[in-house]
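Below, read A as the first sequence line, B as the second, and so on, with proteins coming before strands; counting in each chain starts at 1. Side chains included, hydrogens not; waters and symmetry mates left out as well; all remaining heavy atoms used.
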2 protein chains.
Amino acid sequence: MAVFRDRLRKRGLKPASQRDDVALTFFKLGRHISAEELYAEVKKVNPHAGQATIYRTLRLLKECELVHERYFSNGKGRYEIVNDKDPRHRFICDRCGRIIEFQNARLERIRFAVARELGVLLGRQKIELYGICPRCLKDERRHNPAIRLFQNPQTRRCAPAS
Amino acid sequence: MAVFRDRLRKRGLKPASQRDDVALTFFKLGRHISAEELYAEVKKVNPHAGQATIYRTLRLLKECELVHERYFSNGKGRYEIVNDKDPRHRFICDRCGRIIEFQNARLERIRFAVARELGVLLGRQKIELYGICPRCLKDERRHNPAIRLFQNPQTRRCAPAS
DNA sequence: TTTAGTGCAAAACCTTTGCAGGTTG
DNA sequence: CAACCTGCAAAGGTTTTGCACTAAA
């Protein structure tokens, strides 16, 4: 939050209470929220606030590299706190959008090897895996009991769905 | 394409020329396209086609598990051909959205180890890395020559931007 | 007093849907 | 004939913008 104010000052922007309400609410709630949800939360603190301020503040936070914008399967923008210091990777459920964070030292090392090979700069400190989370998997099994974990493409093709 | 017609028939749907135009155009163009771009391409083949058919066909392709829908930084839906057989991983540029595909056997193995640990089912056969691609990196260096490749968080913090 | 921040409402944007008419089996 | 496909235009939902006004430096 202090970092946010600092970066705004450097850009010649003024402190502003509504903006602070939005940013503070966002940081307090933790990661992974949509603009709409944030709007509802901010309303609780400051019922006077308008939608535009939400979007404008989120854009500022984005420009200050303090939040990251992502789009999930419903097409709505979702925002999350940028977290460079603690490189957790993430598994994202294709069904429900749930995010499971994890760490893995081997993955961590390979990441840099790959980046060097490709000649790229790693930005977000993350690797992302996609699939179906345990909870959705349970539902899935009801309709399709043949589904298996740990599929390896060499031994078995990707799960048929529906 | 034959697979598509087959899966539609199984669902009791009839062949339809406009739909075929859309699907064929999509497959021909290769991966990673937005609905808008596809619309423009289909127009070249069949100027008579309407937007609704594009969206409706994309939805069908999605339901047939032949395309995957993703959302990138502009919030527009983007579609790509599902490719289960040849598991290439991808690096996605945070600046320009360019996708660099790559393969890495070690990454491949670890992926399954991680999935087993988490108890999840791996869906898309992909790992994703994010960062800045070589081309954008060149631009970046003009403004900020201090930027370095192969950053390791233990020795050096993430690149400051802007 | 000049510059930036705000809420409201309207606009812009992408995607979906209703409907009337056309096509397929 | 029944069921599906299509284009058009209208509706739906999310995000941005214009404007008049307020608040901070």
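Computed from coordinates, the A:Leu38 CG to D:dT14 C1' distance equals 15 Å when rounded to whole Å. Remark: C1' of C:dT16 and OH of B:Tyr39 are 15 Å apart, rounded to the nearest angstrom. Straight-line distance from the CD atom of B:Glu69 to the C1' atom of C:dT16: 12 Å, rounded to whole Å. Rounded to whole Å, the distance from CZ on B:Arg59 to C1' on C:dT17 is 9 Å. Rounded to whole angstrom, the span from the CD1 atom of A:Ile54 across to the C1' atom of D:dG13 amounts to 17 Å. The distance between atom CG of A:Leu58 and atom C1' of C:dG5, rounded to the nearest whole Å, is 16 Å. Going from atom CD of B:Glu36 over to atom C1' of C:dC13 covers 10 Å, rounded to whole Å. Residue A:Lys62 contributes atom NZ, which lies 11 Å from atom C1' of D:dT16 at whole-angstrom precision.
Between B:Gln18 and D:dC5 there is no side-chain polar atom (N or O) within less than 4.0 angstrom of OP1 or OP2. Within the 4.0 Å cut-off from OP1 or OP2 of D:dT16, not a single side-chain nitrogen or oxygen of A:Tyr55 is found. One finds no side-chain N or O of A:Arg19 lying less than 4.0 angstrom from the OP1 or OP2 phosphate oxygen of D:dA23.
Between B:Glu128 and A:Arg90 there is no salt bridge, since none of the side-chain N atoms of the basic residue sits less than 4.0 Å from a carboxylate O of the acidic one.
Contacts between residues 43-53 of chain A and DNA chain C, defined by a heavy-atom separation below 4.0 Å, involve A:His48, A:Ala49, A:Gly50, A:Ala52, A:Thr53, listed by number. Residues from residues 8-17 of chain A with heavy atoms under 4.0 angstrom of DNA chain C, sorted by number: A:Gly12, A:Leu13, A:Lys14, A:Ala16.
With sequence neighbours excluded, the residues that form a salt bridge (Lys or Arg N to Asp or Glu O under 4.0 Å) with A:Arg9 are A:Asp6. Qualifying salt bridge (Lys or Arg N to Asp or Glu O under 4.0 Å) partners for A:Arg5, counting only residues two or more places apart in sequence or in other chains: A:Asp20. Every residue meeting the side-chain contact (heavy atoms from CB on, under 4.5 Å) condition with A:Arg109, not counting sequence neighbours, appears here in chain and number order: A:Ala105, A:Arg106.
In the hydrophobic clustering, B:Val45 connects to no other residue, as no ILVMFWY side-chain heavy atoms lie under 4.5 Å from its own. A:Tyr55 belongs to no multi-residue hydrophobic cluster, having no ILVMFWY side-chain contact under 4.5 Å with any other such residue.
Atoms NE2 and OH, from A:His68 and B:Tyr130 in turn, are 8.5 Å apart once rounded to the nearest 0.5 Å. Note that CG of A:Leu129 is 5.0 Å distant from CD1 of B:Ile127, once rounded to the nearest 0.5 Å.
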Without placing hydrogens or testing angles, list every side-chain donor-acceptor pair under 3.5 Å for residues 10-19 of chain B, not counting sequence neighbours.
from	atom 1	to	atom 2	distance (Å)
B:Arg11	NH1	B:Glu63	OE1	3.2
B:Arg11	NH2	B:Glu63	OE1	2.9
B:Arg19	NH2	B:Lys14	O	2.3

All N/O donor-acceptor pairs, side-chain side in residues 47-54 of chain A, below 3.5 Å, sequence neighbours left out:
none

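The list of salt bridge (charged side-chain N to carboxylate O under 4.0 Å, His left out) pairs with a residue in residues 33-52 of chain A, not counting sequence neighbours, reads A:Glu36-A:Lys76, A:Glu37-A:Arg78, A:Glu41-A:Lys44.
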Are there any protein N/O atoms within less than 3.5 Å of an N/O atom in nucleotides 19-22 of chain D, and if so, which ones and at what distance?
none

